[in-house]
Amino acid sequence: MSTTPAEEVSYNAVTPDSGVHETFNALSPEEQEKQREEWKSELIKTEEEIQTLRQVLGSKVKHAQDLKRRLGITVWREFTEDFNNSMKTVRESQTYQKTAGAMSAVGEKTSSLFGGIGAKFGQLKETPTFKSFEERVGGVYSAARTRMGGSGSNSTQDFEEALKEAEGEKAALEAANGGTVQSTTPGTDVSQPAAS
């Protein structure tokens with residue numbers, strides 16, 4: 001690996017506290033050149049050893065993979081085992097124990113909150129207004145499904161007709177409720193002005 005003068009490495013970058021700079025500069029120009037050649041030779045030898053070690057390592061990795069394949073150890077199985085071992089370590093940690101306790105308390109409070117909302121929604125479903133609305137929506141759905149159940153060639157036309165009929169029933173429902181549409185979404189206004 002020969003270098004041209006333009007590629008020569010500057011040894012001025014060596015830190016003064018390393019002692020190499022002073023020692024190298026104390027040499028005669030011929031000795032400096034001889035030292036450079038020794039370093040170049042040593043560098044080439046070291047790079048060859050590195051390449052050999054990479055080849056040996058690659059061969060060992062390939063051999064290990066072959067043995068794992070013969071034993072039925074797949075990459076997925078290794079990943080799963082590593083993941084499970086990591087999770088076991090995390091679960092056994094004090095931080096996890098404290099966090100799990102806090103999350104359990106939060107979960108209990110959240111479930112009681114949603115339980116209360118579920119009970120309110122159950123009560124809402126029992127009101128006459130909701131039942132009336134549910135019956136009408138069910139009737140519109142049934143009518144649309146019946147109309148769309150015809151031949152496949154006219155399915156677009158049947159859908160448009162069913163949509164027009166549903167819009168007509170919605171308008172009739174709005175008129176029956178005095179120009180308002182009843183909302184069934186919990187936590188929203190019960191009565192909203194009809195869209196025009």
Side-chain angles (χ1 to χ4, degrees), residues 1 7 9-24 38-138 140-141 144-145 170 180-195:
M1 183 171 152
E7 295 176 340
V9 177
S10 170
Y11 295 99
N12 294 335
V14 176
T15 60
D17 59 341
S18 68
V20 175
H21 183 64
E22 291 87 18
T23 306
F24 184 76
E38 285 179 25
W39 286 340
K40 287 178 185 178
S41 173
E42 188 176 344
L43 177 61
I44 290 170
K45 183 179 176 186
T46 303
E47 287 177 341
E48 287 173 352
E49 289 174 356
I50 290 170
Q51 184 61 31
T52 302
L53 290 171
R54 283 183 179 151
Q55 290 172 347
V56 170
L57 180 61
S59 173
K60 294 286 185 184
V61 168
K62 187 175 182 181
H63 182 66
Q65 289 172 340
D66 184 47
L67 290 173
K68 286 178 183 180
R69 182 184 51 79
R70 289 179 186 173
L71 290 170
I73 301 171
T74 63
V75 174
W76 178 250
R77 183 172 165 195
E78 281 185 286
F79 172 77
T80 304
E81 287 174 2
D82 288 347
F83 180 78
N84 288 338
N85 289 336
S86 297
M87 289 305 297
K88 181 180 177 189
T89 302
V90 168
R91 282 189 208 112
E92 292 172 353
S93 72
Q94 287 184 345
T95 305
Y96 177 81
Q97 298 294 331
K98 290 176 183 177
T99 304
M103 293 305 288
S104 176
V106 168
E108 290 172 10
K109 291 183 183 214
T110 304
S111 68
S112 67
L113 172 70
F114 284 123
I117 291 173
K120 296 282 185 190
F121 187 69
Q123 291 172 355
L124 176 66
K125 284 177 64 175
E126 297 301 319
T127 63
T129 305
F130 186 85
K131 287 184 177 184
S132 172
F133 177 75
E134 187 177 34
E135 289 171 2
R136 290 182 181 167
V137 169
V140 170
Y141 173 76
R145 194 174 74 187
K170 179 183 173 190
T180 60
V181 176
Q182 299 296 320
S183 172
T184 61
T185 306
T188 61
D189 292 339
V190 177
S191 181
Q192 300 171 356

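Keep in mind the model is a prediction, meaning the values are calculated, not measured. Every heavy atom of this structure was used, including side-chain atoms; hydrogens, water molecules and symmetry mates were not.
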Which residue is it: Glu47, Lys40, Lys45? I am looking for the one with a side chain to side chain contact (heavy atoms under 4.5 Å, CB included) to Leu43.
Glu47

Would one find more than 12 heavy atoms of other residues, nucleotides or ligands at under 6.0 Å from atom CE of Met87?
yes

Ignoring hydrogens and angles, write down the donor-acceptor pairs under 3.5 Å from the side chains of residues 54-69, residues two or more places apart or on other chains.
unit_1 : atom_1 : unit_2 : atom_2 : d
Asp66  : OD1    : Arg69  : NH2    : 2.4
Asp66  : OD2    : Arg70  : NE     : 3.3
Asp66  : OD2    : Arg70  : NH2    : 3.0
Lys68  : NZ     : Glu78  : OE2    : 2.7

Atom pair CG/CZ of Asn84 and Phe79 - distance to nearest 0.5 Å
9.5 Å

Run the side-chain contact (heavy atoms from CB on, under 4.5 Å) check on Arg77 and Glu81 step by step: do they pass?
CA-CA 6 Å; Arg77 183 172 165 195; Glu81 287 174 2; 3.3 Å; yes

